[in-house]
Undergrad: 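To start, I am sharing the structure in question, which I have written as structure tokens.
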Amino acid sequence: MTEQTQDVQQEHRKFIEDLGGWQRSHNCGELTLAENGAEVCLMGWVQYRRDHGGLIFVDLRDREGLTQVVFSPDIAPAAHENAHILRSEYVLAVRGKVRPRPEGMVNANMVTGAIEVVAHEWKLLNTSKTPPFAIEDRCEAGENLRLAWRYLDLRRPRMQANLRLRHKVTQSVRRYLDEGGFVEVETPVLTKSTPEGARDFLVPSRLNPGEFYALPQSPQLFKQLLMVAGLDRYFQVVRCFRDEDLRADRQPEFTQIDLEMSFADENQVMSIAEGLMARVFREVMDRDLPLPFPRMSWDEAMRRYGVDKPDTRFGLELVDITDIVRNSGFKLFATARLVKAMKVPGGESLTRKEIDAFTEFVKIYGAQGLAWIKIKPAEWQSPIAKFLSEAERNGIAQALDLTAGDIVFFQAGEPEMVNAALGNLRVHLAEHLDLIPKNSFNFLWVTDFPLYEYDQEEKRYVACHHPFTAPAPGHLELMRSDPSRAKARAYDMVLNGSEVGGGSIRIHSGETQRRMFEALGFTPEQAESQFGFLLQALEQGAPPHGGLAFGLDRLVMLLAGASSIRDVIAFPKTQKATCLLTEAPAPVAARQLRELGLRLREQPAREPEAGSGAKARPGSDPVQA
RNA sequence: GGAGCGGUAGUUAAGACGGUUAUAACGCCGGCCUGUCACGCCGGAGGCCGAGGGUUCGAGUCCCUUCCGCUCCGCCA
């Protein structure tokens, strides 16, 4: 802040008082004409100050809303005189009387707009430095500033609404699962690192030098052990950790609604999960969800949408035309393992510039280019139409039900690339053309996932879901003979094109679990050393069981209409997994490392700072001179 | 590991072809104002143009390096 600002605020601090027994009578969002004439006491922050010299208006804010407080020299001269010092975000307590606003002065945009509180006396509970950004929803401060001053960011009504929405969701979840006989059990945060899956966060052990705990990627094995223990139905709202790169919908620590049930098949698990969503939507969103949710096999999802989490709020489905162009003179099509087309009705009006942008878009997914055909009344306008025979053109027209005004996009090549490119282009186009209905929540189950996918880097099969997922009935032999064809008893819940939950029926036979590890390339000894406790447990009367986990952050993000899960997490991390508020991670003292039996191979980039002094945050003083 | 966008006053942005004193709005400080509500009017302060190096008579602008934020690919059983 400027010298002047600092002096002013410093001067004002002399007027700070204690609560002195004052108690709030109401919050700042509830007073209406019903309280007309009442003596009230409000406490909160100064949102806006409108000082007319004669009259002073202050909008007082707490988490419930805004109330206009009037300081008038005619009614309380002392209170009015002192109120000139008020500034943004000063904290006050106000005692006064509720009165209707004068004729024509009602503010219809405010819940409390019919009344105002005339201050009789007030206390300054605290001053505030000028905030680095305005505490209001329309404020568009950069994300780095918002994260560095997160507690101020969280003062904004929208962020408070997000956190309270999240609270309502978890409360609703707890009620529903409790009523369903699910027992909330806490599982360890310091646990064992396991191969497979994401990179672990590791925690060194002081008592066992050279050894490490891992933070759980999920409580998967513990919840299975709870089933073996006979808990029957378990749930947990639980923090999980994965040391992978971040995205708008991925944080290194995130929260799952984790549940598991014994003596249940996939239909029962899915039914419980649907009921849970219906309950949340009823209680939190005031909406009724039609049950059951539609189901779609993984094969069908990939075929029609190119992705395993299709957004079915709009059309633009993909059509496989590989067979139609198998013998085409157009070598790109004829030699490709997969050729798919996507029709955009009315897309003929897309400009060359737009198509070029889409071409750049699909290159992200490894596409070389993007073939297209505009269907004109008399002809096909396209760089590739001349390569297609009459029969091929007829075949394509029929397969896609083409009419004049359409545009068709093509992708040919390896199936993974073709599906990824067109599947993602499909969503991109829908956003570009505004085809996605607003305020619609489209749930869908994707089922019958492959049990394995081939990992090119490791040259082996890895579990598509996780290594504890049961194979589909009759697919036990395929685990050895042809892993690529084995299907899993796994299911994902998809909401508006986002995976919000996923689960499976688990392997509850030690023998099958051993066979799974074998298929993943583990020697029996490796399986024993890594997962011996699980194998043992499965041989001690493990009941059939299965479950599922919801990504709470992602779910709340969708309910809140937020574009990043950071907006529904109180203290999120940046894309580099740092916390701009606390400046974690940070170097530690040499002594701490010694105690843990650790030595750094390289000098730390920065030394640990002594004490807990001021942070070197950009603009430690909000209004820096 | 890779691709793209961004970093200029407290904030959000303009300035980009290299050329006077780097703009604007909001915010901040001071003054005036008794019905405002994102109050209004008048005046003022506020900048190492993310950092470092280079080219040049001259760099916010061109080149190189680097740091930070965001989006995405890979990765995320």
Side-chain angles (χ1 to χ4, degrees), chain A residues 1-9 47-59 66-75 80 87-88 101-110 112-113 116 129-134 136-149 194-199 217-218 220 240 242-252 254 360-361 363-366 420-421 424 428 449 451-453 455-457 461-469 488 490 499 502 504 516 520 551 563-564 566 574-576 578 580 605 618-619 621-625:
Chain A
M1 52 175 70
T2 62
E3 299 284 320
Q4 288 168 323
T5 313
Q6 204 148 27
D7 290 348
V8 164
Q9 198 240 331
Q47 179 71 43
Y48 303 114
R49 165 192 60 138
R50 296 177 292 279
D51 189 339
H52 288 230
L55 279 180
I56 299 173
F57 298 94
V58 163
D59 291 338
L66 292 175
T67 298
Q68 175 166 289
V69 176
V70 192
F71 298 86
S72 164
D74 304 334
I75 293 172
H80 171 263
R87 298 289 187 275
S88 287
R101 295 198 189 179
E103 192 72 26
M105 300 300 165
V106 167
N107 186 339
N109 298 320
M110 290 173 79
T112 60
E116 61 195 5
K129 293 184 177 179
T130 304
F133 49 83
E136 52 190 13
D137 280 341
R138 70 169 161 278
C139 145
E140 284 170 27
E143 189 133 14
N144 48 351
L145 256 198
R146 291 177 54 201
L147 292 175
W149 299 87
T194 53
E196 303 292 295
R199 199 174 290 113
Q217 299 176 25
S218 84
Q220 179 62 33
C240 304
R242 293 177 191 174
D243 188 7
E244 297 292 350
D245 287 354
L246 284 71
R247 289 284 189 284
D249 63 352
R250 267 166 37 191
Q251 284 271 304
F254 61 100
E360 286 307 306
F361 179 83
K363 284 180 181 173
I364 294 170
Y365 302 94
N424 286 293
H428 185 70
F449 278 77
L451 192 55
Y452 304 103
E453 56 195 348
D455 187 319
Q456 296 290 345
E457 256 176 53
Y461 284 98
V462 297
C464 201
H465 185 57
H466 57 52
F468 319 107
T469 300
E499 180 199 328
S504 63
M516 172 60 83
L520 295 175
S563 52
S564 157
R566 292 187 299 278
T574 68
Q575 197 166 47
K576 274 195 71 194
T578 65
L580 295 180
D621 266 330
V623 187
Q624 183 68 50

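Quick note on labels: first sequence line is chain A, next is B, and so on, each numbered from 1. Quick note: numbers below take in every heavy atom, side chains included, and nothing from hydrogens, waters or symmetry partners. Everything quoted here is computed from the prediction, not taken from an experiment.
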Undergrad: Mind checking the C1' distance from B:A25 to B:A14? Whole angstroms is fine.
TA: 11 Å
Undergrad: Working to the nearest 0.5 Å, report the span between CG of A:L580 and CG of A:N144.
TA: 7.0 Å
Undergrad: Rounded to the nearest angstrom, tell me the gap between atom CG in A:L55 and atom P in B:G40.
TA: 17 Å
Undergrad: Will you find, in the side chains of A:Q251 and A:R242, an N or O donor that is under 3.5 Å from an N or O acceptor?
TA: no
Undergrad: Counting only N and O atoms by type, is there a donor-acceptor contact under 3.5 Å from the side chain of A:R49 to the main-chain atoms of A:R87?
TA: no
Undergrad: Mind checking the C1' distance from B:A51 to B:G7? Whole angstroms is fine.
TA: 11 Å
Undergrad: For B:G40, which nucleotide in any strand shown is its Watson-Crick or wobble partner with both distances under 3.5 Å?
TA: B:C32
Undergrad: Does A:D51 contact B:U36 through a side-chain donor or acceptor facing the base, at a distance under 3.5 Å?
TA: no
Undergrad: Does A:R87 have a side-chain nitrogen or oxygen under 4.0 Å from the phosphate oxygens OP1 or OP2 of B:C29?
TA: yes
Undergrad: Report yes if at least one side-chain N or O of A:T574 is closer than 4.0 Å to OP1 or OP2 of B:G69; otherwise report no.
TA: yes
Undergrad: If you check every side-chain atom of A:Y48, which of B:C72, B:A38, B:U34 has the closest atom?
TA: B:A38
Undergrad: Return no unless some side-chain N or O of A:R138 is found under 4.0 Å from OP1 or OP2 of B:C26.
TA: no
Undergrad: Over all strands shown, is A:S218 touching base, sugar-phosphate only, or nothing at heavy-atom distances under 4.0 angstrom?
TA: base
Undergrad: If I take atom CZ in residue A:R247 and atom P in nucleotide B:G2, what distance separates them, rounded to the nearest angstrom?
TA: 14 Å
Undergrad: Using the P atom on both, measure B:G6 against B:C64 and round to a whole Å.
TA: 16 Å
Undergrad: Starting at CD of A:E136 and ending at C1' of B:U11, how long is that distance when rounded to a whole Å?
TA: 11 Å
Undergrad: Identify whether a stacking contact exists between A:F133 and B:U11, where the ring centres must be under 5.5 Å apart and the planes under 30° apart.
TA: no
Undergrad: Does any nucleotide pair with B:A24 by Watson-Crick or G-U wobble geometry, both distances under 3.5 Å, and what is it?
TA: B:U12
Undergrad: Ignoring hydrogens and angles, does a donor from either the side chain of A:R242 or the base of B:C76 sit under 3.5 Å from an acceptor on the other?
TA: no
Undergrad: Any N or O donor-acceptor pair linking the side chain of A:D59 to the base of B:C37 at under 3.5 Å?
TA: no
Undergrad: Identify the nucleotide, in any strand shown, that forms a Watson-Crick or G-U wobble pair with B:G47, with both distances under 3.5 Å; if there is none, say none.
TA: none
Undergrad: Nearest to the side chain of A:P132, which nucleotide is it out of B:G10, B:G74, B:U36?
TA: B:G10
Undergrad: Give a yes/no verdict on base stacking between B:C39 and A:H52: centres under 5.5 Å, planes within less than 30° of parallel.
TA: yes
Undergrad: Set out, in order, the CA-CA distance, both residues' side-chain angles and the distance that settles side chain to side chain contact (heavy atoms under 4.5 Å, CB included) for A:M516 and A:L451, then state yes or no.
TA: CA-CA 10 Å; A:M516 172 60 83; A:L451 192 55; 3.9 Å; yes
Undergrad: Report the distance from atom CG of A:N107 to atom CD of A:Q68, rounding to the nearest 0.5 Å.
TA: 8.0 Å
Undergrad: I need the A:R566 CZ to A:L147 CG distance, nearest 0.5 Å.
TA: 7.0 Å
Undergrad: Tell me whether the OP1 or OP2 atom of B:G69 has a side-chain N or O from A:K576 closer than 4.0 Å.
TA: no
Undergrad: For A:R250, is there an ion pair with A:D245 - N to carboxylate O distance below 4.0 angstrom?
TA: no
Undergrad: Name the nucleic acid region contacted by A:P195, choosing base, sugar-phosphate or nothing; use a 4.0 angstrom heavy-atom cut-off, strictly under.
TA: nothing
Undergrad: Name the pairing partner of B:G52, where a pair is Watson-Crick or G-U wobble with both distances under 3.5 Å, or state none.
TA: B:C64
Undergrad: For A:H466, does its backbone N or O pair with a side-chain atom of A:E196 as donor and acceptor, under 3.5 Å?
TA: no
Undergrad: OP1 or OP2 of B:C29 less than 4.0 angstrom from a side-chain nitrogen or oxygen of A:T130, does that happen here?
TA: no
Undergrad: For the pair made of CG in A:N424 and P in B:U71, what is the distance, rounded to whole Å?
TA: 16 Å
Undergrad: Between B:C28 and B:C39, how far is it from one P atom to the other, in whole Å?
TA: 10 Å
Undergrad: Name the pairing partner of B:A3, where a pair is Watson-Crick or G-U wobble with both distances under 3.5 Å, or state none.
TA: B:U71
Undergrad: Using a heavy-atom cut-off of under 4.0 Å over every strand shown, decide if A:D74 touches base, sugar-phosphate, or nothing.
TA: base
Undergrad: Between B:G18 and B:C57, how far apart are the two P atoms, rounded to whole Å?
TA: 15 Å
Undergrad: Nearest whole angstrom, please: distance from the P of B:U12 to the CH2 of A:W149.
TA: 14 Å
Undergrad: Does the plane of the ring in A:H428 sit parallel, tilted or perpendicular to the ring in A:F361? Use 30° and 60° as the thresholds.
TA: parallel
Undergrad: A:R250 has a side chain; which of B:C70, B:C75, B:C37 sits nearest to it?
TA: B:C75
Undergrad: Given the C1' atoms of B:U61 and B:C49, what is the spacing between them in whole Å?
TA: 10 Å
Undergrad: Taking for each residue the nucleotide of RNA chain B with the nearest heavy atom, is it A:A198 or A:Q68 whose nucleotide lies nearer the 5' end?
TA: A:Q68
Undergrad: Of A:V70 and A:S88, whose nearest nucleotide on RNA chain B comes first from the 5' end?
TA: A:S88
Undergrad: Using whole Å, what does the distance between atom P of nucleotide B:U36 and atom CZ of A:F71 come to?
TA: 18 Å
Undergrad: If you go through the side-chain atoms of A:R566, does one of them form a donor-acceptor pair with the base of B:G69 closer than 3.5 Å?
TA: no
Undergrad: What about A:N144: does its side chain form a donor-acceptor pair under 3.5 Å with the base of B:G7?
TA: no
Undergrad: On a whole-Å scale, what distance lies between the P atoms belonging to B:U55 and B:U21?
TA: 24 Å
Undergrad: Counting only side-chain nitrogens and oxygens, does A:R50 get under 4.0 Å of the OP1 or OP2 atom of B:U36?
TA: no
Undergrad: Report the distance from atom CD of A:E143 to atom P of B:C5, rounded to the nearest whole Å.
TA: 20 Å
Undergrad: Could you measure between the two C1' atoms, the one in B:G60 and the one in B:A13, and give it in whole Å?
TA: 15 Å
Undergrad: Atom CG of A:D249 to atom C1' of B:C72: distance rounded to whole Å?
TA: 11 Å
Undergrad: Could you check whether the side chain of A:E140 and the base of B:U11 have a donor-acceptor pair of N or O atoms closer than 3.5 Å, going by distance alone?
TA: no
